[in-house]
*Asks:* 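So that we are looking at the same thing, I have put the structure below in structure tokens.
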Amino acid sequence: MHAAAPAPQGPPPYQVVGKHAVMPETRHDEAARFNYLANMNQFLSAEFLPRVKRAYDKRALPRFHSEHGRPPEHRREVRELMSEEPAYQAWSAMRRATMEQRQQAGRSVVLRQLDRLNATAKAAAAEPGLQLDPNFLPPRYLTGVDHHCMPGGYLCELAPDDVSAPANYDVGIFATTGGALGRYSDGGGMAVAEWLKREHPEFKPRRILDLGCGLGHNTLPLAQAFPHAEVIALDAAAPMLRYGHARAVSLGVTNVRFVQGNAEAVKEPDASFDLIVTCMFLHETSYTAIKRVFGETRRLLAPGGISLHIEQPQYQNMDVYEQFIRDWDAYNNNEPFWTTMHEMDLTELATEAGFDRAKVFETGVRAVVDAALFPQAAAAQKQEDYGRSAAWYVFGARA
Ligand SMILES: C[S@@+](CC[C@H](N)C(=O)[O-])C[C@H]1O[C@@H](n2cnc3c(N)ncnc32)[C@H](O)[C@@H]1O
């Protein structure tokens, strides 16, 4: 007799989400709504998506074969084919709906306490570490797009000193990740810090730059891993920086300076950083901007320094069906640069920017499981060969 397979571990309850001074408070029914969304998202990816693949393998692919005498060669062909499939239509519509629901659920939580949140962030701004530029002109690609359905986008300001957009981002991200990024949604930064300590134990960066830092979810783990480093967290959006700074103050992290600026033209001297990171940032820029960001990264990196870009994997050498599924965000989740970015040859981009081709590398970093949320998974992770599975694609280059 076989032992019963262990029951799959669902998302933890919303109540485990990490608290800090600007994290919006949630009432019972608001938390219940996020729990529903987290479970729905898990159902969509773990249960429903395999059915979409079965519809592709069993119906759509044979149909394409009989019409063309070959399998699809490009994800565009897969999209055309699958747009007729009811399983894909249902999955796609539900995924979009959960994204919209997350944003509207977060917004209603934030709006009823916005005055308090804005006042708390404003009071924290008296502490060192926040550098806003009232004359700053944000890049055009950030205006007019509600990236991943965020109402008003990153730049949205409903009142003076507003933090509504990042508060919504922070309070609702659990619904999308199901807690997979940990209590403080900082799994990306934790993974990078862990990778650096494991792969480069001798590396002790004195200055660290996080481009497109957002509200600092993934900046703080690096600041904590290298407490003697001076960390610059740069972003174009003042609301993200106000909130990120207040959050860092509340969490007791003091070696980060949140600076408003454009990652395409950073106001820092040549060769002044030992570590430059971006996390889920490049895909939100543009074709011209990404080249400038690589150029700036090369200019700013000190000899021996490391740059790391954390993203979803590039499309090169990826099966066309997987490309099609990953490209969903470009068509349905307001990510206008997603497709182009994932098609780009980052090695070419880096060498054009002046990096030595021999010092360019690709690797993966794996989420550090938050043991308090997922004790079984954390215990399993400890026993595994750490290098084997990677959750995030990393494109890196050394100066
Ligand atoms: C998806 S968020 C990622 C935030 C953060 N890195 C994280 O891991 O949570 C992308 C961020 O990039 C910022 N951004 C986009 N273009 C920028 C630019 N040219 N310069 C600075 N920040 C930019 C946006 O304002 C937004 O906060």
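Both counts, for ligands and for their atoms, begin at 1 and track the order of listing.
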*Asks:* Tell me: protein heavy atom nearest atom 10 (C) of ligand 1, and distance?
*Replies:* E284 OE1, 3.6 Å
*Asks:* May I ask you to check if ligand 1 and A263 share an N or O to N or O distance below 3.5 Å?
*Replies:* yes
*Asks:* For residues 279-287, please give each side-chain donor-acceptor pair under 3.5 Å, one per line with the distance, not counting sequence neighbours.
*Replies:*
from : atom 1 : to   : atom 2 : distance (Å)
H283 : ND1    : E311 : OE1    : 2.9
H283 : ND1    : E311 : OE2    : 3.4
E284 : OE1    : Y154 : OH     : 2.7
E284 : OE2    : H148 : NE2    : 3.1
E284 : OE2    : Y154 : OH     : 3.3
T285 : OG1    : L282 : O      : 2.7
S286 : OG     : A289 : N      : 3.1

*Asks:* For N262, take its heavy atoms, then give the atoms of ligand 1 lying under 4.0 Å from any of them.
*Replies:* 18 (C), 19 (N), 20 (N)
*Asks:* Hey, is A289 touching ligand 1 through its side chain, its backbone, both or neither, going by heavy atoms under 4.0 Å?
*Replies:* neither
*Asks:* Cation-pi check, R51 to W91: give yes when NZ or CZ is under 6.0 Å from the six-membered ring centre and within 45° of the ring axis, no otherwise.
*Replies:* no
*Asks:* Assess the side chains of Y393 and E362: does a donor N or O sit below 3.5 Å from an acceptor N or O?
*Replies:* yes
*Asks:* Name the closest protein heavy atom to atom 25 (O) of ligand 1, giving the residue it belongs to and the distance to 0.1 Å.
*Replies:* D235 OD1, 2.7 Å
*Asks:* Among all the protein's non-hydrogen atoms, which is closest to atom 4 (C) of ligand 1, and how far away is it?
*Replies:* G212 O, 3.4 Å
*Asks:* Suppose we measure from atom 9 (O) of ligand 1 to each protein heavy atom; which comes out shortest, and what is that distance?
*Replies:* N218 ND2, 3.6 Å
*Asks:* Does E348 have more than 12 heavy atoms from other residues, nucleotides or ligands lying within 6.0 Å of its CD?
*Replies:* yes
*Asks:* When you measure from atom 5 (C) of ligand 1 to every protein heavy atom, which one gives the shortest distance, and what is it?
*Replies:* C213 O, 3.2 Å
*Asks:* Scan side-chain atoms only and decide if Y321 and D57 contain a donor-acceptor pair under the 3.5 Å cut-off.
*Replies:* no
*Asks:* Looking at non-hydrogen atoms alone, which of A165, A265, C279 comes nearest to atom 3 (C) of ligand 1?
*Replies:* C279
*Asks:* Please report the C-alpha distance between Y14 and F174 in whole Å, then the side-chain angles of each, then the deciding distance to 0.1 Å, and finally whether the side chain to side chain contact (heavy atoms under 4.5 Å, CB included) criterion is met.
*Replies:* CA-CA 7 Å; Y14 188 82; F174 170 91; 3.3 Å; yes
*Asks:* Backbone, side chain, both or neither: what part of P139 comes under 4.0 angstrom of ligand 1, heavy atoms only?
*Replies:* side chain
*Asks:* A side-chain contact here means heavy atoms from C-beta on lying under 4.5 Å apart; do M150 and R102 qualify?
*Replies:* no
*Asks:* Please say which of R140, K291, R299, R292 ends up in a salt bridge (charged side-chain N to carboxylate O under 4.0 Å, His left out) with E264.
*Replies:* R292
*Asks:* State whether the shortest distance between N or O atoms of Y141 and N or O atoms of ligand 1 falls below 3.5 angstrom.
*Replies:* yes
*Asks:* For M240 and ligand 1, does the shortest N/O to N/O distance drop below 3.5 Å?
*Replies:* no
*Asks:* What do you reckon, does L234 have a nitrogen or oxygen under 3.5 Å from a nitrogen or oxygen of ligand 1?
*Replies:* no
*Asks:* Answer side chain, backbone, both or neither: which part of L211 comes under 4.0 Å from ligand 1, heavy atoms only.
*Replies:* neither
*Asks:* Answer yes or no for G188: is there a heavy-atom contact with ligand 1 below 4.0 Å?
*Replies:* no
*Asks:* In Å and rounded to the nearest 0.5 Å, what is the CZ to CG distance from R107 to L158?
*Replies:* 5.5 Å
*Asks:* What's the shortest distance from atom 14 (N) of ligand 1 to any protein heavy atom, and which residue and atom give it?
*Replies:* F281 CE1, 3.6 Å
*Asks:* Taking only heavy atoms of A237 into account, list the atoms of ligand 1 that are under 4.0 Å away from them.
*Replies:* 25 (O)
*Asks:* How far is atom 1 (C) of ligand 1 from its nearest protein heavy atom, and which residue and atom name does that atom have?
*Replies:* Y154 OH, 3.0 Å
*Asks:* Run the contact test for S185 against ligand 1 with a 4.0 Å cut-off on heavy atoms, strictly below, and give the result.
*Replies:* no
*Asks:* Considering only protein heavy atoms, which is closest to atom 22 (N) of ligand 1, and at what distance to one decimal place?
*Replies:* A236 N, 3.1 Å
*Asks:* Quick one: do R95 and D329 make a salt bridge, cutoff under 4.0 Å?
*Replies:* yes
*Asks:* Under the 6.0 Å and 45° cation-pi test, does R79 pair with F324?
*Replies:* no
*Asks:* So, do F203 and I306 sit near enough that their side-chain heavy atoms are less than 4.5 Å apart?
*Replies:* yes
*Asks:* For D210, is at least one N or O under 3.5 Å away from an N or O on ligand 1?
*Replies:* no
*Asks:* Tell me whether N332 contacts the main-chain N or O of W328 through its side chain, where contact means a donor paired with an acceptor under 3.5 Å.
*Replies:* yes
*Asks:* Using a 4.0 Å cutoff against the non-hydrogen atoms of G261, which atoms of ligand 1 qualify?
*Replies:* 20 (N), 21 (C)
